[in-house]
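Counting convention: from 1, in listed order, for ligands and their atoms alike.
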Amino acid sequence: MPHTETSPERDLLRSAGLRATDPRIETLRALETHPHADAQEVFDAVSSVLPDTSLQAIYGVLSALTDTGLVRRIEPAGSPARYELRVGDNHHHIVCSKCGAIGDVDCAVGHAPCLTPSTTSGFTLTTAEVTYWGLCPDCAAAPLT
Ligand SMILES: [Zn+2]
Ligand SMILES: [Zn+2]
């Protein structure tokens, strides 16, 4: 039954020229419910549906999805790579320096790259990669120990 139905995930994979395999479909579904998940979290979600999946296979799936632009990889300093489906809008991330929670930040002002450098050295700019660091509400509310 799941092998014949159509789904947004299948269409997405086909539009990117990828075969719609079950691990790829389930990885996309995992990222829909767990934005900014790392490979281990994706693996935990996928293996609950596909028990034969290995973490190594998930790394392969994530790399194929990232290479074709379906998934964006973000790599905050000191954190494993995280993956998300929100691609192409040059949004930024805010990371809790205590627990590692990640939130999305829309462009600060106007259009991408939304940070105007004092000099571009002749480069044509397309993207600004910014990570904001701070404390998430939970950590900010936690009593100091
Ligand atoms: Zn936190
Ligand atoms: Zn994001």
Could you go step by step and tell me if E75 and R82 meet the salt bridge (charged side-chain N to carboxylate O under 4.0 Å, His left out) rule? CA-CA 6 Å; E75 298 177 88; R82 311 296 190 101; over 6 Å; no
Go through it in stages, so that I can follow the logic: the residues are R29 and E26, the test is salt bridge (charged side-chain N to carboxylate O under 4.0 Å, His left out), and I'd like the CA-CA distance, side-chain angles, deciding distance and then a yes or no. CA-CA 5 Å; R29 287 184 177 153; E26 292 305 328; 3.1 Å; yes
Set out, in order, the CA-CA distance, both residues' side-chain angles and the distance that settles side chain to side chain donor-acceptor pair (under 3.5 Å) for H36 and E84, then state yes or no. CA-CA 5 Å; H36 311 127; E84 67 181 338; 2.8 Å; yes
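Grouping Ile, Leu, Val, Met, Phe, Trp and Tyr residues whose side-chain heavy atoms lie under 4.5 Å apart, directly or via other members, places V95 in a hydrophobic cluster with I74, I102, W133.
If you put the vertex on the Zn ion (ligand 2), NE2 of H93 and OE1 of E84 sit 120° apart, to the nearest 10°. When SG of C99 and SG of C136 are joined through the Zn ion (ligand 1), the resulting angle is 110° to the nearest 10°. When OD1 of D104 and NE2 of H91 are joined through the Zn ion (ligand 2), the resulting angle is 90° to the nearest 10°.
Among the heteroatoms counted here (N, O or S) of H36, NE2 is the one nearest to the Zn ion (ligand 2).
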